[in-house]
Amino acid sequence: MATETLTIGKALNTGLRRAMERDDKVILMGEDIGKLGGVFRITDGLQKDFGEERVIDTPLAEAGIVGTAIGLALRGYRPVCEIQFDGFVYPAYDQIVCQVAKFRYRSRGNVTLPMVIRIPFGGGIGAVEHHSESPEAYFAHTAGLKVVSCSSPEDAHFMIQQAIASDDPVIFFEPKRRYWEKGPVDTSLGLDAAAPLHSSRVVRPGTDATIVAYGPMVKTSLDAATAAAEDGRSLEVIDLRSLSPLDMGPVYDSVRRTGRLVVVHEAPGNIGLGAEISARVTEECFYSLEAPVLRVTGYNTPYPASRLEEEYLPDLDRVLDAVDRSFGW
Amino acid sequence: MATETLTIGKALNTGLRRAMERDDKVILMGEDIGKLGGVFRITDGLQKDFGEERVIDTPLAEAGIVGTAIGLALRGYRPVCEIQFDGFVYPAYDQIVCQVAKFRYRSRGNVTLPMVIRIPFGGGIGAVEHHSESPEAYFAHTAGLKVVSCSSPEDAHFMIQQAIASDDPVIFFEPKRRYWEKGPVDTSLGLDAAAPLHSSRVVRPGTDATIVAYGPMVKTSLDAATAAAEDGRSLEVIDLRSLSPLDMGPVYDSVRRTGRLVVVHEAPGNIGLGAEISARVTEECFYSLEAPVLRVTGYNTPYPASRLEEEYLPDLDRVLDAVDRSFGW
Amino acid sequence: MTKGEPAPRRSGATRAGRSGGTPPEPEYVQLLTPSGERVNHPEYSVDFTAEELRGLYRDLVTVRKLDTEATALQRQGELGIWASLLGQEAAQVGAGRAMRTQDMAFPTYREHGVLYTRGIDPIMPLSLFRGVDQGGWDPVANKFNLYTIVIGAQTLHATGYAMGVAKDGKVGTDDGEAVIAFFGDGATSQGDVNEAFIWSSVFHAPIVFFCQNNQYAISEPLERQTRIPIYQRAAGFGFPGVRVDGNDVLAVYAVTRAALDNARLGQGPTLIEAYTYRMGAHTTSDDPTRYRVSSEVEAWQAKDPIARLKALLVKEKAAGEDFFKQVDEDARIEAVSLRERVLSMPDPDHSQIFDHVYAEGSPLVDAERKQFEAYMASFEGGH
Amino acid sequence: MTKGEPAPRRSGATRAGRSGGTPPEPEYVQLLTPSGERVNHPEYSVDFTAEELRGLYRDLVTVRKLDTEATALQRQGELGIWASLLGQEAAQVGAGRAMRTQDMAFPTYREHGVLYTRGIDPIMPLSLFRGVDQGGWDPVANKFNLYTIVIGAQTLHATGYAMGVAKDGKVGTDDGEAVIAFFGDGATSQGDVNEAFIWSSVFHAPIVFFCQNNQYAISEPLERQTRIPIYQRAAGFGFPGVRVDGNDVLAVYAVTRAALDNARLGQGPTLIEAYTYRMGAHTTSDDPTRYRVSSEVEAWQAKDPIARLKALLVKEKAAGEDFFKQVDEDARIEAVSLRERVLSMPDPDHSQIFDHVYAEGSPLVDAERKQFEAYMASFEGGH
Ligand SMILES: Cc1ncc(C[n+]2csc(CCOP(=O)(O)OP(=O)(O)O)c2C)c(N)n1
Ligand SMILES: Cc1ncc(C[n+]2csc(CCOP(=O)(O)OP(=O)(O)O)c2C)c(N)n1
Ligand SMILES: [Mg+2]
Ligand SMILES: [Mg+2]
C-alpha cells in the first residue's frame, strides 16, 4: 500500500509514467508536451526523464499527429497522442474516423493499432471559444473506437494505463475542469487490481432514483445526490466510465430498483449519449420505468461565451430539477 | 402544371438549375462537377450553361472546398458544395463543425452563412469502402447546422432549392442508392407551393404501428408497409425529411394513435438518430407506448465489404421483424 | 507615404543591410535598423513624410499601451485570458496601415494592432477575452473578420473571400480590392494553411499571406515546424515569398503595401514572413520560463520596434520631446478609458445563450429557451 | 543493375535528352526514349544487365496483362469496380523494383504493379474490388500497406512509419530501411499530404514521396491542383524534388533507388514526380470521353512504357522473338489463373460483419452478432 493524495492531473501524469516505464514502445506525441509539459502539465517532467525520442513535441497539426501515430503503431509503437483542447481534435477527425477506427476491421485483424488519443474536454473553466467542447458523441457513435472518461484521481491513474495497454484504439476524455480535484490513489497497485476499463460503476448507492453521468458531471451528480439526501431523497449515482462500449448492466439493475433515471452530460442533448442511454433503458426496463428517462445536458446551441457557461452547463440545481420532474411525472 | 417524371438525380439537377437561375450569387463547388457533371451527374450540364465561374471544379481537398466556401459566403455568395461521397466529408469536418456551424452565433448574428453542403450518402450500391457511409448523426448532433435528407424526386427538386434559399447552413444528404428512382415533379411550381424544408411528413397513413425513416430507408419502410398490409397490419410511415431540427409533431401524433414505433436508418444504431427519436418519443408519449421504441439500423461495426452489405443494411424483413417484436412486447 | 508603383514581383528575400549588433540577422528586407538608421532597398524603398512617420509611431505606442493595459486587466481578473502582441507591434501596424480602405483582413486571436488600424474600437477583443461574447464587431462591414482561434482555419476563409473579390471583377485596377490573411509560424504546419496556398495559387486569388514568425508556437520553437525559412514555403506553391524585418514598421509597410497592390492588380498571392519575436508569454496562461532563456528575450529587446522609430524621429528631427510626451499621454488616456469601459462592461443576459444559433430559427432552440426561462423564473419565485 | 552509390541529393530536374517526337517533353530524368534509345544522365545512370532488362520487361507485360484481365472481369460483372493502372506500368514497376526487401510501401488504390513487385499474390486487390473484403493481405508482414482510398491519408501513415524506422535506429547504413508513399497528382492538394511533407522534413524521416502524375484526378486536369510542376512543391518544404519520365522504367528505377538509398542513409525525404498518363478511365465507373480528347490519349500512346523497352531489348539483341512470345504466354496463363480464381472466390460468410471490429471485443458487437445469428436462423426455420 502506497496511497497518495493526487489531483486528477497528477494521477494522469503518474499513470503515463508507469505506462512508459512498463513498455518502452509507449511514446507520447502532441503540441507543447515536452519542455512545457502540456498546457495542463499532464506530461510534466516526462520528456526530461524519457527523452525527446519518447516525448515528442510535434508540428502544429492534429491530422499529422494522429496520422503519423498510425504509422508509428504499424511499426510497433504504442503512441499516446495529446490533443491540446477538445475543440482542436477536428482536423484529425478524418484520420480518426476513417483510419484509426477502421484499420483493424479493414485488415481482417491483421493490423492492431494500440493508440490512445487523450482529449481534455468540457467547460466550466472560463475559457474562450473552442476550449470547452464536449465532442464525445462523435467518437462514441463511431464503430471501431473505444471511448472512455475518468472522473477521479484513482480512475485517471489506472484507466490511462489500461487504455495504453489496450490493443484497441482508445479515445480518452479527461475532465479538464476537474484536473485539480484531489483523491487517494494507491500507485503501488498493478493494473490487475483496477476495475476493467470498460465497466461502469455505482459511485453512490441509492434507492429512489438513478443518475448516470461521466467525466466532469460525476462530481456534479454526486453533489446533487448529497443535496437530495438532505431532502430525504436517496439518489444512486453511476459513473459510466466507458462511453463506448457502454456497460449498461449496472444501469439496468439500478433502474429496475429505482424506476427513475436522469442522465447528465455537458454535451448538447440532441443525439448525445443521453439519447442512447434513454433508448436502451427504455427498451430493457420498459415495465420498470415510473417516468421517462430525463436528460440534463448542455443546450443545443454552440458553446457560449464563458460568462454564460454557468447557465449553459448542467449543475446541481438542474439535476435536482430533473429528479423532481421525474417524481412529478 | 408541368408534371414530369424525373429520377431523384435529375430532380436535384433541375432544382440546382432553378436555384442558379433565380439568384446569380448561387455557385457550385466540388470535385469533378464541371465537365464530368459529378460522379453521379447531379450537376450535369450546369457548367456548360452557367460557366466556369459559377460551377467550379476545385482542387482535391474537402477542407479547402468548405473553407473557401465560407469566405465566398462572407463575400455575399451562396455556395453549394458537393462532397463526392459520404466517406470523404471528414477532411472538412473541422471547417464544418467549428466554423460553418458557429459563425453566426459567434458573430452575434452579424454574419449569415447561406451555404449548402451536398453529400450523397448511404450504402447498397456495391461500392468499395468509404463510399457507403451514413454520417448524418455527426452533423445533426452539431448545433448551428441544419440537416435534411430527401427521399423522392419531388422533395429532391424542391428541398435542394429551399436549402439554397435558406440563410442557414444546410447539410443536404442525398440518398445515393435512390438516385435512379423515378417520380412525378411539377417543376413549374415555385418554392411557396412546397412543404416547409424542416417539416416531417406522413408518407403512408396507417393505424397499427408507426415507422419513422428518412432518405434511402423511406422506400424500404414503404415496401415494408405494403408487405405488412398483405398480412393485415396497417403501418404508418413518416419521412423525417429534416434531421436537424427534427419535426417531431407528426411523430408524436402518430405514436399516440398507434402506440408502437420503429425507427429505421442505415447508420449504426449506437447514438444515432434513432436514439434521439426514441428518447423524445418516450418522454412525450410515455403513457401511449405499448412497447418501447425499437430501432432497425446498420450494425455497430464499420461498414463492411459490399458482399456483406445486404445483410448489414436494414431491409424490409428486418423492419417487419421489428414490427413483430413490437407487437410481441 | 507616396503610393508608388507596386513593387515588381520577386521570390525570396534580399540581403538586408546588416546593422552592427550581434547575433547576425537573417536575410530580410529592412528599411530601418534597430539603432534607427534608414536603409535603402532596391525594391522596397518608400518615402515617408515626417507626419507619416509620427503617425506610425503614435500607432505603435498606442497599440502597445492598450495591450499592456489588457494584460494588466487580465492579471486583475477582469479578463479570462489575454494574448499579448508585445514585440509584434511593427508587424501589425505596418501591415494594417498598408491596407487600403477596401481591403479585407482575416486575423488570428493576436491581431489587436491590425484591428486598431482598421479603426475598430479596441474594446472589441476585450469582451471576447473577458467572456462576454465571441467577437462583437461586424466582420464584413469592418473589413476585419472575427478573430479565429482554430489555427489556420481563417486562411481558407480569406482565400474564398479573395476568390469572391475576383469573381466580382474587383481586381486588375488601382482601386481593386485585396485580402490579407494573418497567421503564425506554428500555423504553417496546418493542412488548411497549405490548402489555402494551393487554392489561392490555382485561382490566382488577390491575397497576401502574412505570417508573423514570432519564433514560437506556444512553447515550440520554429524548428518544430520547418527546417527552412518560412517565406520559402511559397516557392513550393508557385508564388513569391519574401521575408521582412517584422520589427521594422517601415519595411513591413512597404513590403505589405507592394504585395497587396500586386494582388489587387491581378498578380496573385504573395507570402510575407514578418520575422519578429513574441516578447511576452503566449497568453497570460503561459509560463515561458519553462522553455526559453532570458538572454534570448534580451537580445530581441535590442531590436525593439518602437525604440528604433523613435531614434529615427529624433535623428531626423521629425519629432521632439513634446510630441513623445503627448503620444504617451494620449495613449495613457486611451488605456484608462479602455480600463474603465471594461470594468463597467455588463455581463451578457443569460438568454443570449439561445440567440443567433440560426438565422431562420429552430423549434428545438425555441423550446429550450422557453424551458430555460421558466426554470430561471422558478428561482425568482422565492427558492 | 549495379547497386551503385546513392546519387547525390539534388533539387529540381535536369533537362533530359529530347527524343524526336512532338509535342515537346517536359524536363525530366529520362534514360530510355520512347523510341527505345538509351540516354545517359549525369546523376542517374544505372547499368542494367540484359537479364535485368528482361526481368523488367516481364514485369511490365505481366502487370499490364493482369490489369487488363481485371478490367475485363469488371465488365463481366465479376468485380464491383476496377481502378486500372494502364499506362502507369513503368512508374509502378520501376518504383517497386527499386525497393529493397526491407523497405515498406504505402499505396493508393491503383498500385497493383507495385503490389506485384512486392511478391504479393495479384488476386489480393481483386477481392477488395469484388467486395469480398477490404484488403486481404497482412500489410506489415508484406511490407505493403493496405490500399488507401481516402486521398492522401496514407502519406501520414508512411511518415509515421518512417519516423519509427528512424527511432529503431534503422537508418544510416546500407542495410537501413526506407519507406515509400504513393499518391497521385490530385492528392497533392490534400492537407494531409502537405502535413506529411512537413513532418518528414522536420523529423528527417527516411521516406520517398512518389507521386504518379497521371495528368488527371478523375476528370480534373493537373492545372486544377497546381500552377507549377509538382516536383517543385518539395522546395517549399526543404527537401529535394525530382521529376522523372514515368513511362521510362529505367529512369524510374534509377531515381527511386537513389532516393530510397538516400533515405536509408539518413539523408531525409525526397519527392519524386513520375510524369505519366492514365491511359484508361479513372475507374471502370468513369467516362473519360466527357473530359478529354482522344488525340491526347494517342499522343501518349506513342510514349508507351512497354514498347520502348521492347525496342531496346531488340536493338541490343538482349531478347528475341521467343522470349517475347514466352513472356506473353506466361502472362496469359497468369491472367487465366487469376480469372479462374476470381470466379471461384467464395462470398464472405455473413457473420464476418462482426469480426475484427475490436481486438479485445465489445459487448455491443457480441450482442448484435447473437441477434443477427438468431435472426438469420429464423429464416432457416421455414419462413
Ligand atoms: C487547431 C488548433 N490546434 C491547437 C490550438 C492551440 N493553440 C493555440 S495558439 C497555438 C500556437 C500557435 O502558434 P503560432 O501559429 O506560431 O501563433 P502565435 O500564437 O505564436 O501567434 C496553439 C497550439 C489551436 N488554437 N488550434
Ligand atoms: C478525401 C477524398 N476525396 C475524394 C475522393 C474521391 N476520389 C477518388 S480518386 C480521386 C481522384 C484522385 O486523383 P489522383 O490523386 O490524381 O490519383 P489517380 O486516381 O489519378 O491515380 C477522387 C477525387 C477520395 N477518394 N478521397
Ligand atoms: Mg508563433
Ligand atoms: Mg492522377
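Keep in mind that the numbers below use all heavy atoms, side chains included, and drop hydrogens, waters and symmetry copies. Chain naming here is simple, since letters A, B, ... match the order of the sequence lines and numbering starts at 1 in each.
One finds the CE atom of D/Met376 at 5.0 Å from the CD atom of B/Glu311 (value rounded to the nearest 0.5 Å). Distance check: D/Phe183 CZ to B/Leu60 CG gives 12.5 Å after rounding to the nearest 0.5 Å. The distance from atom OG of D/Ser219 to atom CG of B/Asp32, rounded to the nearest 0.5 Å, is 3.5 Å. Rounded to the nearest 0.5 Å, atoms OH (B/Tyr312) and CZ (D/Phe372) are 12.0 Å apart.
Shown here is D/Glu373, whose CD atom has more than 12 heavy atoms of other residues, nucleotides or ligands within 6.0 Å. The 12-atom threshold is not exceeded at CD of B/Glu52, counting heavy atoms of other residues, nucleotides or ligands nearer than 6.0 Å.
Looking at B/Tyr303, the atoms closer than 4.5 Å to chain D (heavy atoms on both sides) all sit in the backbone: N, CA, C or O. Heavy atoms of D/Ile151 lying under 4.5 Å from chain B belong exclusively to its side chain. Interface remark: D/Ile218 contributes backbone and side-chain atoms alike to the contact with chain B (heavy atom separation under 4.5 Å). Both the backbone and the side chain of B/Tyr299 come within less than 4.5 Å of a heavy atom of chain D. At a 4.5 Å heavy-atom cutoff, the contact between D/Ala187 and chain B is made by backbone atoms alone. Both the backbone and the side chain of B/Glu62 come within contact range of chain D, each with at least one heavy atom under 4.5 Å from a heavy atom of that chain. Using a 4.5 Å cut-off between heavy atoms, B/Arg325 does not touch chain D at all. Contact annotation for D/Tyr147: only backbone heavy atoms (N, CA, C, O) come within less than 4.5 Å of a heavy atom of chain B. Neither the backbone nor the side chain of B/Glu310 has a heavy atom closer than 4.5 Å to any heavy atom of chain D.
Looking at B/Glu129, its side chain never comes within 3.5 Å of a backbone N or O of D/Ile149 through a donor-acceptor pair. The main-chain N or O of B/Arg318 is found under 3.5 Å from a side-chain atom of D/Tyr375 such that the two form a donor-acceptor pair. With hydrogens and angles ignored, the 3.5 Å screen pairs no side-chain donor or acceptor of B/Asp57 with any backbone N or O of D/Glu220. With hydrogens and angles disregarded, a donor-acceptor distance shorter than 3.5 Å links the side chain of D/Glu368 to the backbone of B/Asn300.
Looking at residues two or more places apart in sequence or on another chain, you find a side chain to side chain contact (heavy atoms under 4.5 Å, CB included) between B/Ala73 and B/Pro79, B/Leu113, B/Pro114, B/Met115. For B/Phe327, there are no ring-ring contact (aromatic ring centres under 6.0 Å, His included) partners two or more places apart in sequence or in a different chain.
Interface summary for chain D: among B/Val39, B/Asp321, B/Ile125, the most heavy-atom pairs under 4.5 angstrom belong to B/Asp321. Counting heavy-atom pairs closer than 4.5 Å to chain B, the top-ranked of the candidates D/Ile81, D/Val132, D/Val365 is D/Val132. In terms of heavy-atom pairs under 4.5 Å with chain B, the best-connected choice from D/Arg130, D/His356, D/Gln225 is D/Arg130.
Pairs engaging residues 340-358 of chain D under the salt bridge (charged side-chain N to carboxylate O under 4.0 Å, His left out) rule: B/Arg307-D/Asp347, D/Asp121-D/Arg341, D/Asp355-D/Arg369 [sequence neighbours left out].
Within residues 273-291 of chain D, the residues that have a heavy atom under 4.5 Å from a heavy atom of chain B are D/Asp286, D/Asp287, D/Arg290, D/Tyr291, listed by number.
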